Amino acid sequence: MSTTAPLQNATLGAPVELDQRKIRTLWQNAFRHIVRDRLTMAALTVLVVLTLICFLAPPVVENVLGVDVNRTKVLDKFRLPGDGYALGTDHLGRDQLIRLLYGGRISLSIAYAASLMTIVIATSIGIVAGFFGGKVDDIIIWFINTLTSIPSIFLLLIASTIWSPSPEVLIVLLALLGWMGTCRLVRGEVITIKEREYIQAAHAVGAPAWRIMWNHIFPNVLSIVIISLAIDAGVLILVESGLSFLGLGVQPPTPTWGNMLTNSRSYFVTGPHLVVLPGLLITITVLCFYLIGDGFRDALDPRSHH
Amino acid sequence: MGAYITRRLLQAIPTLFGITVISFFLMLAAPGDPVTMITFKPNADPASVEKLRRQLGLDQPALVQYVYWLIGNDWVHIDVDGDGEGDIYGTRKGILRGDFGQSLQHKRSVGGLIVERIPATLQLTVTALLIGYVIGIPVGVLSAVRPRSWFDQFARVFSVIGNAVPAFWLGLLMIMLFSVRLGLLPMAGMQSVTGPRDADFDLMDRVRHMIMPVSVLAFGTIASISRFMRTEVIEIMGQDYIRTAHAKGLRGGSVLWRHAVRNALIPVATFIGPALGGLLSGAVIIEQIFSWPGMGRLVINGVFQRDYPLVMASVVVGAVLFILGGAAVGCPLWLG
């Protein structure tokens with residue numbers, strides 16, 4: 001359908017029309033696809049807004065309103081939402097809205113930083129394993145199999161007791177224990193890519209291995225990398241909140257969405273909002289990341305274009 | 001069959017070796033001196049502390065300690081008093097002979113502790129796995145039959161949310177609703193302790209205790225299995241042999257169930273291994289929330305109490321369960 005249209009126009013003597021049907025690259029196509037995909041755009045918007053609020057609100061709260069996030073007010077404990085506080089207060093009378101924003105800043109920073117780090121590790125190891133194959137590949141695959149055979153939470157539990165984590169340490173731990181799945185994906189893709197003619201051609205003209213990996217293979221696994229980045233960020237929010245919930249992640253009084261739920265068993269009667277809200281924010285954020293990941297997958301997979 | 005099992009077990013050896021190395025060196029990196037944890041006295045007699053250290057083999061280099069942990073030290077003549085002559089033989093048999101050492105916290109054999117707790121954990125995870133497959137497969141098939149129908153859309157929303165909700169939060173919400181507000185289900189434990197005959201096993205009571213933790217665990221499994229099944233069935237329905245079956249005049253239902261679903265089940269069945277692994281991880285948190293006396297709670301308490309022998313043994317046992325689970329799943333597939 002699309003191939004005949006410019007030809008007709010050309011024969012009708014309107015060469016300008018040709019320019020209007022520019023050849024779009026995969027990325028331009030993907031971009032157009034995402035912009036038209038309402039669900040993905042909605043998820044992106046929610047995530048961007050949530051991130052901006054969580055990152056911009058704390059300085060405003062501190063400097064303009066002069067409120068301390070850890071300020072306790074015993075008289076105001078267990079206030080319900082609306083009762084003088086937009087989202088109520090916790091068992092120490094701390095403002096839940098402010099704590100949710102601060103918690104969001106920590107949880108989202110960990111998710112963004114750790115997923116980036118995960119992806120960097122996964123992509124570089126995956127490309128090396130897939131490209132070189134042989135012994136290098138065997139060793140890397142053995143290592144991945146070993147790590148993935150241990151229920152991941154066990155390793156995280158142990159590692160977080162050994163290095164009782166600050167947010168920075170937690171980011172490194174999560175990245176070091178979470179790269180295996182994406183690495184397998186990248187490696188699989190690289191193995192098929194490296195048999196293509198243009199890679200053979202690059203070898204033939206004597207391109208060094210690093211240049212083939214960086215210039216010819218990396219751009220071709222980029223779509224997998226971007227999809228995994230979104231999905232991994234969602235998974236990492238879940239893992240971090242689980243760890244913090246158990247009391248093994250970021251330590252109080254620094255709030256994260258996970259550790260705000262740690263003692264929530266005691267609030268079932270007095271403060272149900274303390275149980276519902278942090279979890280709801282975790283769910284919404286993870287949902288956004290997953291939907292964005294799905295949207296990217298649809299947009300970047302040429303077969304899904306109708 | 002025998003050849004298959006042998007091959008799978010041989011393949012598992014390097015992985016298991018890696019797991020023991022990781023576990024051991026994490027234990028070594030852990031802060032805190034095991035001797036002070038055993039004696040529990042900061043001002044214990046240095047000479048006897050030194051003696052204990054030698055007796056436990058803690059004066060040895062890391063590699064030697066690893067070997068002792070792996071194969072035991074009952075063949076080593078230990079020089080306890082430091083005079084250069086061996087005095088006694090070690091007592092440890094090593095994990096390869098099933099001796100995981102003593103728990104620092106419980107002062108009991110770690111192996112025994114774990115063996116006691118495994119059934120409770122398996123009860124939760126295997127039930128959740130079964131429910132996940134029993135519900136997930138029909139849901140996936142129905143979604144695949146009519147893609148983009150209201151049922152498919154509903155299943156999609158359900159599965160995306162099912163994967164995004166933190167299991168521990170879902171557990172908390174369920175407790176808040178069904179136990180605290182409505183008083184319908186017990187909020188914690190494996191059985192009621194108020195009855196006059198506590199020790200007896202009461203099936204209905206156990207089921208009531210299992211409903212919430214199993215539902216939370218199964219929620220995510222149903223979500224993944226139904227999506228997986230949907231993708232597989234849709235892909236197979238586009239294959240040539242399905243068109244052939246239609247061309248032969250088979251009715252639609254027959255083509256779907258006898259040709260498409262049966263073939264789609266194979267890749268979905270291999271997912272049991274990873275699913276079980278995920279459930280084992282998930283059970284750690286779920287057991288904590290519902291005070292379910294399984295391995296997860298044992299491990300978390302061990303982590304908090306810095307009971308390293310216990311934690312390391314759990315890692316190894318968890319990994320072995322996972323590997324054996326994967327191999328067991330492969331058996332019927334390989335036979336079929």
Side-chain angles (χ1 to χ4, degrees), chain A residues 39 43 138-139 141-164 181 231 234-235 237-243 245-248 257-258 261-262 264-265 267-269 272 275-276 278-291 294, chain B residues 11-12 14-19 21-23 26-27 29-31 156 160-161 163-170 172-173 175-177 179-181 187-188 274 276-285 288-289 296 299-300 302-304 306 308 311-312 314-316 318-323 326:
Chain A
L39 192 60
D138 287 345
I139 290 173
I141 283 299
W142 166 75
F143 190 66
I144 291 178
N145 280 341
T146 303
L147 274 185
T148 44
S149 298
I150 307 174
S152 55
I153 189 122
F154 282 26
L155 281 181
L156 274 170
L157 286 175
I158 299 166
S160 52
T161 29
I162 297 178
W163 299 279
S164 36
I231 305 279
V235 173
I237 292 252
L238 284 179
V239 174
E240 182 271 327
S241 64
L243 268 186
F245 167 73
L246 289 174
L248 290 161
W257 290 336
L261 286 166
T262 304
S264 56
R265 288 177 75 93
Y267 316 143
F268 284 153
V269 181
V275 186
V276 174
L280 197 61
L281 279 177
I282 299 173
T283 310
I284 292 174
T285 314
V286 177
L287 202 57
C288 286
F289 278 124
Y290 284 177
L291 289 175
D294 266 1
Chain B
Q11 280 170 351
T15 314
L16 282 171
F17 168 73
I19 289 164
V21 172
I22 293 176
S23 317
L26 273 174
M27 173 153 63
R156 182 183 174 200
V160 176
I161 293 178
N163 282 323
V165 174
F168 65 92
W169 182 61
L170 194 63
L172 291 170
L173 289 184
I175 296 176
M176 195 160 79
L177 182 65
S179 304
V180 180
R181 286 285 153 92
M187 69 186 286
L276 192 63
L279 285 172
L280 281 177
S281 282
V284 173
I285 293 184
Q288 189 72 6
I289 292 170
V299 176
I300 291 192
V303 164
F304 276 120
R306 315 219 153 208
Y308 294 116
V311 176
M312 298 309 141
S314 319
V315 170
V316 176
V320 170
L321 276 181
F322 179 75
I323 294 174

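Throughout, a chain's letter reflects where its sequence line sits, starting with A, and its residues are numbered from 1. Since we're looking at a predicted model, the values are computed, not measured.
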Check your understanding: Where does B:Val315 contact chain A at under 4.5 Å (heavy atoms): side chain, backbone, both or neither?
Key -> both
Study note, to complete from the structure: So, the part of A:Ile237 with a heavy atom under 4.5 Å from chain B: the answer is neither
Revision key, fill the gap. Turns out that what part of B:Val284 lies under 4.5 Å from chain A's heavy atoms comes down to side chain
Review point. Based on non-hydrogen pairs under 4.5 Å, which of A:Leu291, A:Ile284, A:Leu261, A:Asn145 is most in contact with chain B?
Key: A:Leu261
Practice item. With a 4.5 angstrom heavy-atom cut-off, could you sort out which part of B:Val160 is near chain A: side chain, backbone, both or neither? Key: both
Study note, to complete from the structure: Heavy atoms of A:Leu238 and B:Ala164 approach each other most closely as CD2-O, 3.5 Å
Exercise for review: Measure distances from B:Ser314 to the heavy atoms of chain A and classify the residue's part below 4.5 Å as side chain, backbone, both or neither.
Suggested key: both
**Study point:** Most chain B-contacting option - heavy-atom pairs closer than 4.5 Å, from A:Leu280, A:Asp294, A:Leu156, A:Val239
**Key:** A:Leu280
Practice item. Please look at A:Ser160 and chain B and tell me whether the side chain, the backbone, both or neither of the residue comes under 4.5 angstrom of a heavy atom of that chain. Key: neither
**Study point:** Residue, of B:Gly318, B:Ala167, B:Gly296, that accumulates the most heavy atom pairs under 4.5 Å with chain A
**Key:** B:Gly318
Point to revise | Structural part of B:Ile289 lying under 4.5 Å from a heavy atom of chain A | key: both
Point to revise | Atom group of B:Ile323 that falls short of 4.5 Å from chain A, counting heavy atoms | key: side chain
Review point. Do A:Leu155 and B:Leu26 have side-chain heavy atoms sitting under 4.5 Å apart?
Key: yes
Check your understanding: Out of curiosity, A:Ile282 CD1 to B:Trp169 CH2, how far, rounded to the nearest 0.5 Å?
Key -> 8.5 Å
Revision key, fill the gap. Interatomic distance, CD1@B:Ile300 vs CG@A:Leu157, rounded to 0.5 Å, equals 5.5 Å
Study note, to complete from the structure: Cut-off 4.5 Å, heavy atoms of chain A, and the answer for B:Leu16 is neither
Review point. Can you tell which of A:Gly234, A:Ser241, A:Ala159 has the highest number of heavy-atom pairs within less than 4.5 Å of chain B?
Key: A:Ser241
**Study point:** Nearest-0.5 Å distance, CD1 of residue B:Ile22 to CZ of residue A:Phe143
**Key:** 5.5 Å
**Study point:** Separation of B:Leu172 CG from A:Phe245 CZ (nearest 0.5 Å)
**Key:** 4.5 Å
Point to revise | Option that, when pairs with chain A are counted at under 4.5 Å, heavy atom only, ranks first among B:Leu173, B:Ile285, B:Leu280 | key: B:Ile285
Review point. So which part of A:Ile231 gets closer than 4.5 Å to some heavy atom of chain B, the side chain, the backbone, both or neither?
Key: neither
Revision key, fill the gap. Output for pair (B:Thr15 OG1, A:Ile150 CD1), nearest 0.5 Å, gives 10.0 Å
